[in-house]
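Per chain, numbering begins at 1; letters A, B, ... match sequence-line order.
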Amino acid sequence: MQKPSLPKGTRDFGPIQMARRNFILDTIKETFQIFGYQQLETPAMENLSTLTGKYGDEGDQLLFKILNSGDFLKNVSEEDFKNGAATTLPKVSEKGLRYDLTVPFARYVVMNRHELTFPFKRFQIQPVWRADRPQKGRYREFYQCDADVVGTDSLLCEAEIILMIHKVFSKLGIQDYSIKVNNRKILTGIAEAIGEAGKEGPLCVAIDKLDKIGKEKVEEELRQRGFGEEAITKLQPLFDANPEDFDAGLEFLKGFLAESETGKQGIAELEETLNILASLGGTRDHVAFDFLLARGLSYYTGAIFEVKAHGVKIGSVSGGGRYDDLTGVFGMPGVSGVGFSFGVDRLYDVMEELGLFPEDNLSAPVLLLAHFDQKGFDYAASLLSQVRAKGIRAELYPDLTKLKKQLDYASKKGIPFVGICGDKEIESKTVALKDLTTGEQSSVTLEEMLEKLY
RNA sequence: GUGAUUGUAGCUCAGCUGGUUAGAGCGCUGGUUUGUGGCACCAGAGGUCGCCGGUUCGAAUCCGGUCUUUCACCCCA
């Protein structure tokens with residue numbers, strides 16, 4: 001006999017965990033829906049050609065590939081094998097597990113472009129898979145909750161994203177968090193302002209680590225990435241500026257980016273987003289301007305978001321941004337969109353670490369009908385449907401056994417009430433209803449019981 | 001992919017420098033209580049010490065490999 005085990009980085013979710021996950025999932029789903037997003041699902045697997053090349057070299061490495069069915073070696077020659085994995089792979093695998101929800105969404109938009117009404121707002125809540133090394137807050141199978149709008153450049157979408165984040169976090173009870181916002185155009189402007197135009201990619205990778213590894217290390221990394229001393233010197237005011245105050249940060253950048261058209265545009269977009277947010281009645285609470293925030297630059301072109309919960313050592317729980325040409329690689333250029341994503345698994349970890357889950361067992365039934373013998377069982381069975389018809393979660397203990405065992409079962413499962421059915425109860429057409437939390441017990445009719453439990 | 005780290009009963013863990021029949025707490029089963037759970041007491045079941053190999057008279061303990069866990073880096077939700 002073998003000991004069963006799970007693949008690395010995957011987990012089972014038991015009843016309690018599922019109740020909690022559903023609480024998070026339902027909150028997010030309701031929020032998306034109330035903002036006018038409609039649900040979409042795509043297959044777990046995509047053609048490998050859809051996935052490869054979309055996430056950079058790193059991403060390709062982290063893709064789970066699915067071995068072709070049947071004799072997967074039939075197209076592989078001796079020579080392919082010698083040439084190594086790169087040439088052999090396409091011959092043994094043509095499908096892969098989805099790595100995120102954005103690329104499958106782009107594929108869907110392109111394939112259904114004639115059917116869709118733009119702007120198209122969709123949300124998608126599904127697992128994704130990454131062949132990463134698991135660690136804290138990082139799994140190989142995890143859920144993403146994406147909401148994207150494609151086909152509009154309106155900054156209303158950006159403002160609404162902030163509103164949705166506020167709403168979800170408030171419902172989940174997470175109070176201490178920050179929504180960091182930035183704009184890719186500001187980063188481009190910074191690269192221009194320091195005389196390294198077009199190099200915002202490497203610039204971002206390096207400065208993104210500022211709070212993690214410190215100024216000196218960042219400068220070192222910039223030199224390694226080919227930035228001149230002059231550029232690094234020009235960057236100094238940025239390192240020293242502490243953008244605690246949103247407006248102060250903006251004012252500072254207006255000066256710093258005075259020569260960069262793109263940079264000024266980025267600032268204007270950010271200000272406009274805040275204006276719309278205000279007219280929507282939203283607050284700026286938790287919103288922080290972080291002009292060094294850089295993430296997922298492979299496709300973001302405008303706004304960038306990242307949400308972090310404070311007081312826990314877990315990476316970002318949500319993030320997103322605007323991309324101008326999501327569907328270009330699939331032959332449909334010029335479709336701009338903006339989207340963001342909640343990481344349910346990380347939200348779960350955050351809430352667990354902060355003790356934000358309510359104590360009561362949300363998924364447990366409310367009533368267990370217990371009995372002493374076949375007669376009691378039959379009597380209880382006759383009541384069961386009437387209880388359930390009222391919408392009360394109820395179950396009947398299935399085996400004839402001692403009452404002790406049935407009570408034990410109820411308290412372990414977190415069922416608060418037990419309806420005991422014996423000869424006395426059958427005779428008087430009642431139920432001995434016991435409240436397991438207080439230990440109190442009273443003889444009640446079916447109607448009285450329904451009244452009490454409803 | 002790089003560097004660490006973990007693995008002993010269902011769970012959490014003891015087991016010192018290698019030495020008889022590997023322990024505890026919790027949980028589980030039964031009983032004290034044949035119409036009443038939680039508390040208490042009593043009894044019992046349960047372990048190829050992750051796996052493979054090596055060193056040794058002798059390995060849970062030392063060595064190598066492998067898988068697994070956790071963590072950091074890279075990157076990311």
Please report the distance, rounded to the nearest Å, between CG in Leu433(A) and C1' in rG35(B). 15 Å
Please name all residues satisfying salt bridge (charged side-chain N to carboxylate O under 4.0 Å, His left out) with Lys429(A), sequence neighbours left out, ordered by chain then number. none
When only distance counts, do a donor and an acceptor, one from the side chain of Arg138(A) and one from the base of rC75(B), lie under 3.5 Å apart? yes
With rounding to the closest Å, how many angstrom separate the C1' atoms on rC26(B) and rC39(B)? 16 Å
Hey, is Phe142(A) stacking on rA77(B)? Ring centres under 5.5 Å, planes under 30°. yes
When you check the phosphate oxygens OP1 and OP2 of rA72(B), does a side-chain N or O of Gln135(A) lie under 4.0 Å from one of them? yes
Touch class at under 4.0 angstrom, heavy-atom based, for Tyr139(A) against every strand present: base
Using atom C1' of each nucleotide, how far apart are rU8(B) and rA72(B) to the nearest Å? 27 Å
Do the rings of Phe377(A) and His371(A) sit parallel, tilted or perpendicular, given the 30° and 60° boundaries? perpendicular
His371(A) atom NE2 is separated from rU34(B) atom P, nearest whole Å, by 19 Å
How far does the P atom of rG64(B) sit from the matching atom of rG18(B), given to the nearest Å? 16 Å
Does this structure show an ion pair linking Lys171(A) with Glu30(A), if we count only N-O contacts that are shorter than 4.0 Å? yes
Could you tell me how far apart Gln61(A) (CD) and rC76(B) (P) are, to the nearest whole angstrom? 14 Å
Side chain to side chain contact (heavy atoms under 4.5 Å, CB included) partners of Pro127(A), counting only residues at least two apart: Arg98(A), Trp129(A), Glu141(A), Tyr143(A)
With sequence neighbours left out, which residue pairs that include part of residues 6-19 of chain A fulfil the side chain to side chain donor-acceptor pair (under 3.5 Å) condition? Arg11(A)-Asp345(A)
What does the list of N/O pairs under 3.5 Å between the protein and nucleotides 66-68 of chain B look like, with a distance for each?
none

All N/O pairs under 3.5 Å across the protein-nucleotides 28-32 of chain B interface:
| unit_1 | atom_1 | unit_2 | atom_2 | d |
| --- | --- | --- | --- | --- |
| rC28(B) | OP1 | Lys412(A) | NZ | 2.3 |
| rG31(B) | OP1 | Lys402(A) | NZ | 3.0 |
| rG31(B) | OP2 | Lys402(A) | NZ | 3.0 |

Taking salt bridge (charged side-chain N to carboxylate O under 4.0 Å, His left out) as the definition, give me every residue that meets it alongside Asp80(A), ordered by chain and number, with sequence neighbours left out. Lys91(A)
rA60(B) to rG23(B) separation - C1' atoms, rounded to the nearest Å: 12 Å
My understanding is that only residues two or more places apart in sequence, or in another chain, count here; which of them pass salt bridge (charged side-chain N to carboxylate O under 4.0 Å, His left out) with Lys121(A)? Glu160(A)
Apply salt bridge (charged side-chain N to carboxylate O under 4.0 Å, His left out) to Lys199(A) and list each qualifying residue two or more places apart in sequence or on a separate chain. Glu196(A)
Using modelled atom types and a 3.5 Å cut-off, is there a donor and acceptor pairing between side-chain atoms of Gln61(A) and backbone atoms of Glu58(A)? no
At less than 3.5 Å, do the side-chain atoms of Arg133(A) and the base atoms of rU70(B) form a donor-acceptor pair? no
So which pairs with a foot in residues 408-433 of chain A pass ring pair (Phe, Tyr, Trp, His ring centres under 6.0 Å), sequence neighbours left out? Tyr397(A)-Tyr409(A)
Could you check whether Glu141(A) gets within reach of a base, just the sugar-phosphate, or nothing at all, counting any heavy atom under 4.0 Å? nothing
Leu400(A) CG - rG35(B) P separation (whole Å): 14 Å
On RNA chain B, more 5' by nearest nucleotide between Arg140(A) and Leu407(A) is Leu407(A)
If I pick the C1' atom on rC49(B) and the same atom on rU68(B), what distance separates them, to the nearest angstrom? 16 Å
Atom-to-atom span, CD of Glu353(A) to C1' of rU70(B) - whole angstrom: 14 Å
Could you check whether Gly137(A) gets within reach of a base, just the sugar-phosphate, or nothing at all, counting any heavy atom under 4.0 Å? base
How many Å lie between CD on Glu58(A) and P on rA77(B), as a whole number? 13 Å
Can you run through RNA chain B from 5' to 3' and write each base as (, ), [, ], | or . depending on how it pairs? Watson-Crick or G-U wobble, both distances under 3.5 Å. ((((..(..((((.....[...)))).(((((.......))))).....(((((..]....))))))..))))....
Taken to the nearest 0.5 Å, the spacing of Thr42(A) OG1 from Met111(A) CE works out to 11.0 Å
For nucleotides rC11(B) and rC75(B), find the distance between their P atoms and express it as a whole number of Å. 37 Å
At 4.0 Å (heavy atoms only), tell me whether Asp423(A) reaches a base, stays on the sugar-phosphate, or touches nothing. base
Carefully, step by step, assess Asp132(A) and Arg140(A) under the rule salt bridge (charged side-chain N to carboxylate O under 4.0 Å, His left out). CA-CA 6 Å; Asp132(A) 229 345; Arg140(A) 288 185 141 181; over 6 Å; no
Among Asp153(A), Val150(A), Ile161(A), which residue meets the side-chain contact (heavy atoms from CB on, under 4.5 Å) test with Val338(A)? Ile161(A)
Taking the P atom of each, how far is rU32(B) from rG37(B), in whole Å? 12 Å
Pairing of Glu353(A) and Lys136(A) as salt bridge, 4.0 angstrom limit: yes
rC71(B) versus rU66(B) - spacing of their P atoms, nearest Å: 23 Å
Using a strict heavy-atom distance below 4.0 Å, which residues from residues 302-324 of chain A are in contact with RNA chain B? Ser316(A), Val317(A), Ser318(A)
About how many Å separate CG of Asp26(A) and CD of Gln33(A), when rounded to the nearest 0.5 Å? 9.5 Å
Among residues 434-447 of chain A, which residues get a heavy atom nearer than 4.0 Å to RNA chain B? Lys434(A), Leu436(A), Thr437(A), Gly439(A), Gln441(A)
About how many Å separate CZ of Phe120(A) and OG1 of Thr152(A), when rounded to the nearest 0.5 Å? 14.5 Å
In terms of relative ring orientation, are Tyr177(A) and His286(A) parallel, tilted or perpendicular, with 30° and 60° separating the classes? parallel
Measure the distance from OH on Tyr397(A) to C1' on rU36(B) and round it to the nearest whole Å. 15 Å
Rounded to the nearest Å, what distance is computed from the CG atom of residue Leu369(A) to the P atom of nucleotide rU36(B)? 19 Å
Run the side chain to side chain contact (heavy atoms under 4.5 Å, CB included) check on Leu97(A) and Ile66(A) step by step: do they pass? CA-CA 7 Å; Leu97(A) 294 176; Ile66(A) 296 171; 4.0 Å; yes
